[in-house]
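A, B, ... follow the sequence lines: proteins, then strands. Residue 1 opens every chain.
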Protein chains: 2
Amino acid sequence: MSSANVIPLKHALFNPQAQVCADCGVRRFALFGVLDHAALDNIHVHIADIKLQPGQSLYAAQAVGSAAYTVREGIVRLERTSERGERRILRLAGRSDMLGLEAMLGQTYAADAVACTEVSVCRVPRTLVDDLSRDRPEILVDLMKRWQRALDDADEWLTELCSGPARHRMLRLLLKLSEFADGGQVWLPARLEMSAMLDMTIETASRLISQLKREGVLDAPDQRHAVIHMDALLKALREDSALS
Amino acid sequence: MSSANVIPLKHALFNPQAQVCADCGVRRFALFGVLDHAALDNIHVHIADIKLQPGQSLYAAQAVGSAAYTVREGIVRLERTSERGERRILRLAGRSDMLGLEAMLGQTYAADAVACTEVSVCRVPRTLVDDLSRDRPEILVDLMKRWQRALDDADEWLTELCSGPARHRMLRLLLKLSEFADGGQVWLPARLEMSAMLDMTIETASRLISQLKREGVLDAPDQRHAVIHMDALLKALREDSALS
DNA sequence: CGATTCCTTGAAGAGGTTCAAAGGCCGTGG
DNA sequence: CCACGGCCTTTGAACCTCTTCAAGGAATCG
């Protein structure tokens with residue numbers, strides 16, 4: 001019995017790729033969310049499902065890319081090396097975020113994309129978008145919304161994670177990390193990563209995390225995971241704003 | 001003798017708006033750079049030419065906007081208020097940069113846009129882009145390039161102006177300002193603006209500028225203008241990177 | 001010309017960095 | 001299995017950068 005038989009007829013898709021996309025958990029939020037099943041069925045390009053281990057690179061800055069990526073699972077960081085030679089983490093991308101949109105314009109990637117956790121992403125080739133934009137121009141509006149989202153993320157990162165005293169920035173980072181939470185547990189970056197996100201030394205990052213543990217803002221069952229106590233975190237953030 | 005007579009016949013445009021756009025100094029770099037004269041002639045929407053004095057607001061964050069803007073002349077800053085209640089300047093936009101693209105998607109503006117110098121901008125109404133994208137879909141690609149440019153600017157601002165010691169950030173700011181130079185003279189922000197760009201106090205900004213004047217990196221003929229000595233600036237930047 | 005606003009400079013103190021060393025958490029190999 | 005080395009984290013102490021608080025000076029405007 002083929003798998004098509006267990007699917008209601010009007011949803012039956014004969015293109016295997018289409019079936020994969022139709023079943024994808026993030027499709028509703030992803031680029032092809034606007035496409036109906038019939039349109040999906042016309043996708044004849046292979047959309048690769050890529051898995052990465054923590055630390056593995058998805059793409060490198062300056063590389064000519066022929067694809068963008070949609071994050072299905074896990075957290076990816078975008079980073080750059082400043083002209084001083086220091087690594088700086090620009091922002092994080094999580095489930096349903098899109099990365100490397102610049103490849104859709106034939107440009108080279110603007111930053112390095114590196115997996116923070118175990119990651120799975122869909123590779124969206126440029127040719128596919130080119131084809132679709134001919135047949136279904138409304139996909140371009142969706143694409144522009146992605147750009148705007150990336151820009152909003154960048155602006156928020158700058159305003160909230162790049163200003164004020166170190167402790168405040170760390171609290172904001174924990175808040176941001178809790179957005180990517182995955183069942184109570186939050187991914188806790190290495191101290192070196194934190195320092196690259198918040199522009200501080202790893203010693204300062206370590207001291208702050210230690211202190212926040214003592215204050216009961218977070219617990220770390222293991223090195224790379226934390227339970228964040230939101231009430232304590234929000235309280236800390238409020239007090240922090242008040243006394244300045 | 002009408003002005004049309006001095007223009008070669010094949011360039012004669014009968015729509016007055018088209019003439020304005022055809023003559024615009026930034027058209028080549030602007031959104032409608034891809035349109036030929038005939039296409040320009042079909043623009044029947046009025047593209048307002050708006051002038052702003054320093055400190056005047058172009059649009060406010062959260063406002064529902066019906067237009068984006070192309071900077072023709074001058075410098076505009078994008079700023080936000082952080083959740084702590086502090087103002088933060090996100091980046092600067094100069095000649096041929098586009099602002100408020102999010103309005104093209106029916107979204108509210110993501111930041112405040114305020115004139116730093118005397119500014120003139122073209123108002124590009126959303127309806128115009130909607131119409132054009134039907135007739136000339138290639139304009140959408142141009143629009144996406146604008147988004148990518150904004151994102152690149154944001155990323156660069158974050159990596160270069162938000163990390164490292166105060167002196168280094170100030171040097172990078174001067175370098176950035178020199179990109180917007182206007183005949184040897186550079187716009188010199190008020191100390192309060194500098195502090196909002198570089199996340200430091202106005203005292204620190206003032207001290208750094210005073211010191212850099214003494215070092216011969218810049219001269220300030222008046223409060224709001226400076227002459228930047230690029231050789232000295234670049235030398236300072238190099239030494240600064242070396243000793244760290 | 002006085003009032004306001006912005007800029008500059010000083011001195012004291014806090015916050016962050018630097019340097020140094022010790023403690024934990026692996027994976028490898030004896 | 002335990003010992004070892006490597007890597008990351010934590011903590012301490014001294015130092016330095018940047019902030020804070022305060023006051024005087026320059027520019028601008030009615």
Side-chain angles (χ1 to χ4, degrees), chain A residues 53-55 84 86-89 116-117 161-173 187-215 217-226 236 239-244, chain B residues 53-55 84 86-89 114 116-117 161-174 187-215 217-226 236 239-244:
Chain A
Q53 289 303 306
R84 277 178 96 215
E86 301 193 323
R87 280 182 110 47
R88 191 79 165 86
I89 295 180
C116 290
T117 62
L161 262 36
C162 295
S163 19
R167 178 186 161 89
H168 183 259
R169 302 204 303 278
M170 182 61 81
L171 290 170
R172 297 294 316 188
L173 175 60
W187 165 66
L188 195 66
R191 304 300 172 266
L192 186 64
E193 290 172 297
M194 290 181 177
S195 72
M197 293 181 205
L198 303 176
D199 189 41
M200 58 179 69
T201 60
I202 76 175
E203 291 95 332
T204 301
S206 172
R207 276 184 247 269
L208 287 169
I209 289 295
S210 301
Q211 195 196 337
L212 292 174
K213 278 183 195 165
R214 267 176 258 128
E215 292 177 18
V217 172
L218 65 313
D219 287 314
D222 73 87
Q223 204 73 266
R224 285 287 82 79
H225 294 89
E239 287 169 0
D240 201 76
S241 302
L243 57 78
S244 88
Chain B
Q53 290 303 307
R84 277 179 97 217
E86 301 193 323
R87 280 182 108 49
R88 191 81 165 82
I89 294 178
V114 183
C116 289
T117 62
L161 262 37
C162 294
S163 19
R167 180 186 159 89
H168 182 258
R169 302 204 303 279
M170 182 62 80
L171 290 171
R172 296 292 317 187
L173 176 60
L174 293 177
W187 165 66
L188 194 66
R191 304 301 173 263
L192 187 63
E193 291 173 297
M194 290 181 177
S195 71
M197 293 181 205
L198 304 176
D199 189 41
M200 58 179 68
T201 60
I202 75 176
E203 290 95 333
T204 301
S206 173
R207 276 184 248 268
L208 288 169
I209 289 295
S210 299
Q211 193 195 336
L212 292 174
K213 278 183 195 166
R214 266 175 259 129
E215 292 177 17
V217 173
L218 63 315
D219 287 314
D222 73 88
Q223 203 71 263
R224 285 286 81 82
H225 295 89
E239 287 169 359
D240 201 76
S241 301
L243 57 79
S244 87

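- Of the candidates Glu215(B), Arg214(B), Lys213(B), Glu215(B) is the only one forming a side-chain hydrogen bond (donor to acceptor under 3.5 Å, both in side chains) with Gln211(B).
- A donor-acceptor pair is defined here as one N or O able to donate and one able to accept, closer than 3.5 Å; such a pair exists between the side chain of Arg169(B) and the backbone of Asp199(B).
- OP1 or OP2 of dT9(C) lies within a sub-4.0 Å distance of a side-chain N or O belonging to Arg214(B).
- Arg88(B) contributes a side-chain N or O that, together with a main-chain N or O of Cys162(A), makes up a donor-acceptor pair within less than 3.5 Å.
- Backbone-only engagement by Ser210(B) is indicated by non-hydrogen atom pairs under 4.0 Å involving sugar-phosphate atoms exclusively.
- Taking 4.0 angstrom as the limit, Arg191(A) places a side-chain polar atom (N or O) nearer than this to OP1 or OP2 of dT10(D).
- Between the CG atom of Leu198(B) and the P atom of dT17(D) there is a distance of 18 Å, given to the nearest Å.
- Per the geometry, CG belonging to Leu192(B) stands 11 Å off C1' belonging to dT5(C), to the nearest Å.
- Closest contact between the side chain of Arg207(B) and the listed nucleotides dG16(C), dT19(D), dT18(C) involves dT19(D).
- Remark on DNA chain C: of its neighbouring residues Gln223(A) and Glu203(A), the 5'-side contact belongs to Glu203(A), judged by nearest-heavy-atom nucleotide.
- Residue Ala166(B) places its side chain closer to dC18(D) than to any other of dT9(D), dC18(D), dC7(C).
- Using a distance-only test at 3.5 Å, with no hydrogens or angles considered, no donor-acceptor pair links the side chain of Arg167(B) to the main chain of Asp240(B).
- At the phosphate of dT9(D), neither OP1 nor OP2 sits under 4.0 Å from any side-chain N or O atom of Ser206(A).
- Between the NZ atom of Lys213(A) and the P atom of dT11(D) there is a distance of 8 Å, rounded to whole Å.
- At a threshold of 4.0 angstrom between heavy atoms, the contacts of Arg224(A) are confined to the sugar-phosphate backbone, with no base atom among them.
- At the phosphate of dT19(D), OP1 or OP2 sits under 4.0 Å from a side-chain N or O atom of Thr204(B).
- Rounded to whole Å, the distance from NE2 on His168(B) to P on dT17(C) is 16 Å.
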